[in-house]
A.B. asks: 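Sharing a structure here in structure tokens format.
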Amino acid sequence: MNPTFKFELIHECAQSKARLGRLTTPHGVIETPCYMPVGTQATVKAMTPLELREIKTQILLSNTYHLYLRPGHELVKQAGGLHAFMGWNGPILTDSGGFQVFSLGDLRKITENGVEFRSHIDGSRHLFTPERVMEIEAALGADIIMAFDECVPYPADHDYTEKSMHMTHRWAKRCKESQLRADQALFGIVQGGTYADLRADSAKAIADMDFIGNGIGGLSVGEPKPMMYEMLEVVNAILPKNKPRYLMGVGSPDCFFEGVLRGVDMFDCVLQTRIARNGQALTSRGPLTIRNATFERDFSAIDPDCDCYACKNFTRAYVRHLIKAEEILAARLLSIHNLRFSLALMENIREAIRNDRLLDYKKEFYETYGLL
RNA sequence: GGAUGGGUUCCCGAGCGGCCAAAGGGAGCAGACUGUAAAUCUGCCGUCAGUGACUUCGGUGGUUCGAAUCCACCCCCAUCCA
């Protein structure tokens, strides 16, 4: 095990399987459970690193596929690595491009060796193999790097899901064997679609490879939520307790609770910043489409219970005006808010775990949020 | 006073005998968004209402089986000439 990384389990909630932890990385310590804002193209859309600091971001996510294509991982390396390049000196996690294999659809062809794909930017041909991805992630220099996997769509039949899963396992092994830097924590990724037996097999296989942390991928791709929660239970019963568990791409408020209650430690999600750009705010009273006409003359804060810059200084009516006028500040203010809302929610979740009352807190939150 | 070009559904604007409740924009309204090909995408957008019915294309009258589209007169607007 790499000494640069340390995951300490500080407390387990007496009411659930929720865990309070502390993950040490070269660029800082992360309290878990945590939410990681997503900065795909070496920027969390609409946010400066200073603002990310102010809302108490602990760690950011970025993306191998996107940075490889533009501006190119060699350029990022020349710039001194991703931290220096984007002006963020806190921890960073890079996703491997496995999700793009999924989302780019017919632009790619999957083989045992890797994925041949065409750039969504200029159509040029490229090949990602586990070894190549490790090379790129090493050049980018994130603190945590993800193994290259195939994210299987939903629905997918058992046979396809199983074959894909085994390939993901072989790729995980190849990633581990070709990892280039000791100062990066490599996480494996559990797949297995929506099949409990496959999820169990995958969790076992990935756990046996002894990664520093374990990702749970291929969820929240269209399957019903109860199905996702069931998969989490299967997987987390098998994944080692002394290593961080990262539920990839999931991050609505209810998913935070349901995931943490089932032993998840890390989340990332683009929802916060995406819906912000589309005029919607997450609030303690549930999501609000600030763009809607109801808020035209609503001079209250976006979320009266929030402590962020946007909520403390502006009104819903003003933000709605900015949205209608297509002013860039609308996206900025709502991004600041939605991210702060999610980070603060996670802070509250950690506090509730510490006090052995996560189920109680969930009930309180859901009541106000409108989920009960 | 004369000449020419125009007046189309909230706005701009296409249509120039039937396939027109009327293209296309814009505005407006609503919905979606979960390891970001997303400051994107989708739907609605005359009225009432189940396929349907009804009232619309400056006004009035006419031609025609049928008119936003053709004719006459009138009213406005723009530009040019006196």
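Here is the naming used below: chain letters follow the sequence lines, and residue numbers restart at 1 for every chain.
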A.B. asks: Look at the side chain of R274(A) against the base of A38(B) and say whether a donor-acceptor pair falls under 3.5 Å; ignore hydrogens and angles.
C.D. replies: yes
A.B. asks: In B/S/- notation, 5' to 3', how is nucleotides 25-30 of chain B contacted by protein heavy atoms closer than 4.0 Å?
C.D. replies: ---SSB
A.B. asks: Walk me through it: do D305(A) and R285(A) pass the test salt bridge (charged side-chain N to carboxylate O under 4.0 Å, His left out)?
C.D. replies: CA-CA 9 Å; D305(A) 298 331; R285(A) 316 291 163 87; 3.4 Å; yes
A.B. asks: Taking only side-chain N and O atoms of N63(A), does any of them lie within less than 4.0 angstrom of OP1 or OP2 on U36(B)?
C.D. replies: yes
A.B. asks: Using Watson-Crick or G-U wobble geometry with both distances below 3.5 Å, tell me the partner of U79(B), or none.
C.D. replies: A3(B)
A.B. asks: Could you tell me if R277(A) and N338(A) have a donor-acceptor pair between their side chains, going purely by distance under 3.5 Å?
C.D. replies: no
A.B. asks: Between the base of G35(B) and the side chain of D149(A), is there any donor-acceptor pair under 3.5 Å?
C.D. replies: yes
A.B. asks: Does any donor atom in the side chain of D360(A) or Q15(A) lie under 3.5 Å from an acceptor atom in the other side chain?
C.D. replies: yes
A.B. asks: If you look only at distance, which donor and acceptor atoms sit under 3.5 Å apart when one is on a side chain in residues 185-195 of chain A and the other is two or more places apart or in another chain?
C.D. replies:
{"from": "Q191(A)", "atom 1": "NE2", "to": "D149(A)", "atom 2": "OD2", "distance (Å)": "2.7"}
{"from": "Q191(A)", "atom 1": "NE2", "to": "E150(A)", "atom 2": "O", "distance (Å)": "3.4"}
{"from": "Y195(A)", "atom 1": "OH", "to": "A156(A)", "atom 2": "O", "distance (Å)": "2.6"}
{"from": "Y195(A)", "atom 1": "OH", "to": "H158(A)", "atom 2": "N", "distance (Å)": "3.3"}

A.B. asks: Ring centres of Y318(A) and F299(A) under 6.0 Å apart?
C.D. replies: no
A.B. asks: Using a cut-off of less than 4.0 Å, is there contact between a side-chain N or O of Q100(A) and OP1 or OP2 of U36(B)?
C.D. replies: yes
A.B. asks: Would you say S103(A) places a side-chain N or O within less than 4.0 Å of OP1 or OP2 belonging to A37(B)?
C.D. replies: yes
A.B. asks: State whether T40(A) places a side-chain N or O below 4.0 Å from either non-bridging phosphate oxygen (OP1 or OP2) of U36(B).
C.D. replies: yes
A.B. asks: What is the nucleic acid contact for D95(A), judged by heavy atoms within less than 4.0 Å: base, sugar-phosphate only, or nothing?
C.D. replies: base
A.B. asks: Is there, by distance only and without an angle test, a donor paired with an acceptor across the side chain of T273(A) and the base of U36(B) below 3.5 Å?
C.D. replies: yes
